[in-house]
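FYI, side chains are in, hydrogens and waters are out, and symmetry mates aren't considered; it's all heavy atoms of this structure. None of these values were measured; they are calculated from a predicted model. In what follows, chains carry the letters A, B, and so on, assigned in the order in which the sequence lines appear, proteins first and then strands, with residues in each chain numbered from 1.
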Amino acid sequence: MNSNKQEKTGLLMILLRAAVVILIILMAVPQVNPARMSELINKNSALLTTALSRTSLLGDFSRPLKRGWVAGGTLDLLYIAALLTALSIAATGAGWCMSLGEKRLKKLGAKIVTIASASGILALLLMIPVYISFISSGYVNRLDPMFPPGFFVFIGAFLICFVLGLINYIKLPRPAENEGYEMKPKYKLFLMILPFVILCFAFAYLPLWGWRYALFDYKPGRELTWDRFVGLKWFTFLFQNPATRADIARVLRNTLVMSGLGLAFSWLPMAFAIFLAEIRSSKVSRVVQTCTTIPNFISWVLVYSFAFALFSTEGFVNSLLINMGIIKEGVNYLMSGEHIWLKMWAWGTWKGLGWSAIIYIAGISGIDIQLYEAATIDGAGRFKRMWYITVPGLLPTFFVLLLLSVAGILSNGMEQYFVFKNSANKQTIEVLDLYVYILGLGSGGSGNIPLATAVGMMKSLISITLLFAANWASKLIRGESIV
Amino acid sequence: MSIALKEEKKPRLYRVKKRGFKRTPGDIVFNILNYTFFISFTLICIFPFYYLFINTISDNELVRTGQINFIPRGIHFNNYLMLSNVNDLGTSALVSVARTVIGTAFMVFASAFVGYLVTKKEMWGRKFVYRFMIVTMYFNAGLIPWYLNMSMLGLTNTFWAYVIPGIVAPFNIILVKTYIESIPAELEESAFIDGAGHFTIFRKIIWPLSKPILATIAVFGAVGHWNNFVDSMILMSNKPQLYTLQYRLYIYLQTSNNLAELMRGGKISEAALNAALNARTVKLTVAMITILPIILVYPFMSRYFEKGIMIGAIKG
């Protein structure tokens with residue numbers, strides 16, 4: 001009966017929802033933090049952060065508090081005001097969720113938004129006495145009081161929400177007495193998944209916003225202001241400054257050589273699986289498979305501890321050679337810069353070969369056994385069957401993995417190279433990922449964050465282009481996409 | 001592509017049959033070479049574990065003079081008992097265990113719940129929401145923006161930095177979703193007719209039925225959490241008490257390496273040299289402790305590991 005009377009969401013409701021969303025987003029923007037009543041408060045903290053943790057709001061007040069420039073109660077008031085403001089915003093969020101419901105719930109949602117906005121305004125007004133006590137304390141130059149522009153932004157936003165909420169509340173029809181608080185399943189499901197969407201946004205999309213650092217002259221602890229905007233300076237710097245240009249060339253060479261080694265030997269897991277299938281005893285092949293997979297599950301730090309145990313000055317290799325009388329003095333193989341590319345490839349193979357072979361082993365078990373039987377009857381020997389049946393059966397898988405590794409040619413990850421890096425092999429071990437880390441964060445806070453961001457940004461863009469290219473190639477050749 | 005995950009089918013490998021064809025001398029040579037290769041590669045894979053182990057339980061003096069290579073001698077467990085003297089190790093172990101348990105629990109719950117929700121056709125904006133999450137597998141803002149983002153969110157130097165970013169794991173969501181889609185829809189429908197809500201259906205039907213896939217992603221998640229050290233290194237710069245065991249081990253290994261470097265230059269006294277060498281056993285023991293959970297868990301979990309890569313490969 002109700003279906004043909006499908007009510008449309010009114011413009012006012014849409015406006016209300018949008019206003020609440022904007023209010024919630026504002027809470028996470030540091031520039032408009034209404035609680036920043038003093039220059040002492042960190043300018044990079046948003047209202048959300050300052051409300052969640054007291055130290056992020058008042059951490060820098062320990063000296064004024066100790067000297068008695070400001071009363072503890074004033075600061076408590078400021079924190080409570082920030083907390084109440086944030087809670088009010090959270091309540092408007094709850095009202096937002098309810099406004100997706102049916103009549104009765106919708107009306108309740110509008111009511112909650114109205115009340116929460118009003119309480120938000122009251123909470124904000126609590127901050128004014130704090131400001132007054134700051135400027136009248138007699139230590140104005142110590143406390144650096146300021147009246148944050150965000151204060152008015154929030155007052156305005158709350159007012160809009162209040163007015164819209166009130167209008168919606170009045171205009172929404174009074175629900176029938178017997179009507180319950182109901183919501184359509186489609187919105188219920190959406191609200192259930194919403195927290196996870198927000199988490200995903202915060203940790204996968206929000207970092208992209210950090211790319212702006214590549215366009216500014218930024219040093220840790222400083223503020224990003226428009227007068228530090230330098231445009232593409234860091235990108236041109238990268239190629240014009242001889243030192244960085246040489247670095248980039250060296251790092252790219254390392255990256256490409258090591259990825260290239262991996263690509264050149266990418267048939268190894270397939271060969272491993274094919275030859276393992278030729279082992280007749282299933283017990284032996286089981287044991288081989290289990291033992292060769294374990295290394296994949298230990299971290300690179302542990303791999304390095306193995307390397308340390310085996311190849312350092314007092315390690316296995318040296319003590320063995322000394323005991324046999326071949327050498328007199330131990331050599332620390334980890335401290336040499338020779339054959340680093342091969343060594344890194346060897347460690348990678350040691351760790352990953354058995355694991356990468358599993359997918360091919362699964363592939364072999366998927367090949368129709370009748371093919372082998374038919375080939376045997378036709379007189380094909382063991383090697384012929386391997387070459388003409390098993391290998392072609394595995395090639396599609398091999399092809400997909402090869403394309404994916406071509407797409408990931410710039411991303412070797414940094415862990416392996418980071419743990420094996422030392423002063424002797426630094427020149428040849430630094431891959432792009434490691435270089436970005438060292439450039440930006442590796443030198444104890446004095447790193448060049450914009451430059452590192454610029455390098456990382458270019459890497460990301462090239463990688464995604466390569467991925468698309470690989471996908472396109474796959475579609476072209478196999479008619480199937482890989483991503 | 002849909003895959004029947006519930007059948008616990010052991011991969012049947014094609015094997016050379018004894019009867020049906022004659023073994024030529026070439027075959028025999030090939031077999032010998034083949035077995036030799038696989039046995040030696042297996043030994044290479046497990047020897048480091050064994051070597052590390054015998055070096056931590058053998059007489060320290062023999063270890064110091066490099067006499068323990070293949071067979072343990074003078075077995076004792078003092079090195080393990082002495083670990084309690086190594087500062088911060090206990091806290092680090094606790095942090096590692098806590099992040100592994102809590103992080104994995106959150107991730108598994110979230111993957112199961114989101115995986116269930118995205119199978120619900122009636123959800124508002126389902127396609128968009130699903131793609132919004134899945135597409136994050138293919139791009140990455142980079143290390144520095146990630147770090148700046150974490151510090152902007154106020155997560156640096158807090159324990160939750162280990163847990164929260166890993167809760168939404170797109171790949172695991174795909175796995176769970178694919179699995180749930182293979183569960184007969186009638187089960188859910190009948191429960192729905194009986195008046196069960198989404199939470200009840202999830203708790204009573206979806207969760208118990210998808211346990212195999214949840215176990216698989218739990219194992220992978222736990223290994224990932226246990227092995228991660230980069231987040232410790234980058235995010236916990238001001239909170240050494242939140243370092244994980246892996247990062248602590250890395251720090252120990254680095255200090256000893258630097259000592260070795262100094263020794264080469266002859267800038268260090270005999271006493272310090274002995275201390276450094278003793279430190280070597282300590283380091284190996286810490287490494288052993290760090291590996292132990294993986295080795296202990298591995299035999300029980302290997303089937304999940306293997307299943308994981310197979311379904312990962314044929315995701316659809």
Side-chain angles (χ1 to χ4, degrees), chain A residues 49 56 185-187 189-190 192-193 196-197 199-200 203-204 206-208 210-211 275 277-278 280 288 290-292 294-295 297-299 301-302 304-306 308-310 312-314 316 319-320 332 358-359 361-362 364-365 369 372 376 415 436-437 440-441 449 452-453 456 460 464 467 483, chain B residues 11-16 20-21 27 34 38 41-42 45-46 48 51-52 66 69 110 114 117 120 122-125 129 132-133 136 138-149 154 165 167-168 223 227 229-230 234 246 249-250 253 260 280 284 287 290-291 294 298 302 306 309-310 313:
Chain A
T49 327
S56 69
K186 61 173 185 175
Y187 294 124
L189 286 164
F190 175 72
M192 282 186 211
I193 209 169
F196 301 99
V197 175
L199 271 182
C200 181
F203 294 104
L206 207 51
L208 292 175
W211 276 4
F275 285 109
E278 294 297 317
R280 224 168 284 173
V288 167
T290 309
C291 292
T292 52
I294 294 185
F297 292 101
I298 62 169
S299 67
V301 179
L302 285 167
Y304 181 73
S305 75
F306 285 158
F308 172 76
L310 296 173
S312 65
T313 321
E314 307 87 34
F316 169 76
S319 62
L320 206 62
N332 190 348
I358 287 183
I359 182 161
I361 293 172
I364 294 176
S365 68
I369 227 151
Y372 291 104
T376 316
E415 296 192 14
V436 168
Y437 167 73
L441 302 170
I449 288 207
T453 312
S460 295
I464 195 111
L467 187 70
V483 293
Chain B
R12 188 168 66 123
L13 292 187
Y14 157 68
R15 296 196 187 287
V16 184
F21 89 108
D27 272 324
N34 208 15
F38 278 108
F41 188 69
T42 306
C45 279
I46 52 172
Y51 179 76
L52 208 64
N69 287 326
V114 174
L117 289 178
K120 294 269 130 301
E122 65 264 35
M123 182 198 290
W124 185 73
V129 165
F132 183 84
M133 293 205 225
T136 58
Y138 301 113
F139 69 82
N140 179 341
L143 183 77
I144 310 288
W146 170 75
Y147 163 76
L148 293 169
N149 185 48
I167 290 180
V168 176
V223 170
N227 279 344
F229 75 99
V230 171
I234 296 176
Q246 302 275 352
L249 172 64
Y250 173 75
L253 288 169
R280 179 171 185 267
L284 298 190
T290 316
I291 302 175
I294 302 270
Y298 186 78
S302 58
E306 285 166 18
I309 194 170
M310 281 181 223

Review point. So what's closer than 4.5 Å to chain A heavy atoms on Asn227(B): side chain, backbone, both or neither?
Key: both
Check your understanding: Once you round to the nearest 0.5 Å, how far does CD1 of Ile291(B) lie from CG of Leu302(A)?
Key -> 5.0 Å
Exercise for review: For chain B, find which of Ala452(A), Ala204(A), Ala309(A) contributes the most heavy-atom pairs closer than 4.5 angstrom.
Suggested key: Ala309(A)
Check your understanding: For atom CZ of Phe203(A), is the number of surrounding heavy atoms from other residues, nucleotides or ligands below 6.0 Å larger than 12?
Key -> yes
Exercise for review: List the atom of Met133(B), the atom of Phe196(A), and the distance in Å for their closest heavy-atom pair.
Suggested key: CE-CB, 4.4 Å
Review point. Just how far is it from atom CZ of Phe297(A) to atom CD1 of Ile294(B), taken to the nearest 0.5 Å?
Key: 8.5 Å
Point to revise | Toward chain A, the part of Tyr51(B) with a non-hydrogen atom under 4.5 Å | key: side chain
Exercise for review: Could you tell me the separation between the OH atom of Tyr437(A) and the CG atom of Leu143(B), rounded to the nearest 0.5 Å?
Suggested key: 8.0 Å
Check your understanding: Taking all non-hydrogen atoms of both residues, which atom of Phe229(B) and which atom of Glu415(A) are closest, and how far apart?
Key -> CE2-OE1, 3.6 Å
Revision key, fill the gap. One option among Thr453(A), Val436(A), Ile449(A), Leu206(A) has the most heavy-atom pairs under 4.5 Å with chain B, and it is Leu206(A)
Review point. So, for Tyr298(B) and Thr290(A), which heavy atoms are closest and what is the spacing to 0.1 Å?
Key: OH-O, 3.2 Å
Review point. With respect to chain B, which residue among Pro295(A), Pro185(A), Gly210(A), Cys200(A) yields the maximal number of heavy-atom pairs within a distance under 4.5 Å?
Key: Cys200(A)
Check your understanding: Taking all atoms of both residues into account, what is the closest heavy-atom pair of Lys186(A) and Glu122(B), and its distance?
Key -> CB-O, 2.8 Å
Review point. Hey, does Val129(B) have a side-chain heavy atom less than 4.5 Å from the side chain of Phe190(A)?
Key: yes
Exercise for review: Compare every heavy atom of Cys291(A) with every heavy atom of Cys45(B), then report the nearest pair and how far apart it is.
Suggested key: CB-O, 3.7 Å
Check your understanding: So among Val230(B), Leu249(B), Thr290(B), which one has a side-chain contact (heavy atoms from CB on, under 4.5 Å) with Val301(A)?
Key -> Leu249(B)
Exercise for review: Enter the distance from Leu52(B):CG to Phe316(A):CZ here, rounded to the nearest 0.5 Å.
Suggested key: 13.0 Å
Check your understanding: Given a strict heavy-atom distance threshold of 4.5 Å, which part of Ile167(B) is in contact with chain A: side chain, backbone, both, or neither?
Key -> side chain
Exercise for review: Indicate yes or no for a side-chain donor-acceptor contact from Trp211(A) to the backbone of Ala141(B) under 3.5 Å, with no hydrogens or angles considered.
Suggested key: yes
Review point. In Å, rounded to the nearest 0.5 Å, how long is the span from OG of Ser305(A) to CG of Leu253(B)?
Key: 6.0 Å
Review point. If you measure from CD on Glu278(A) to CZ on Phe38(B), what distance do you get to the nearest 0.5 Å?
Key: 9.5 Å
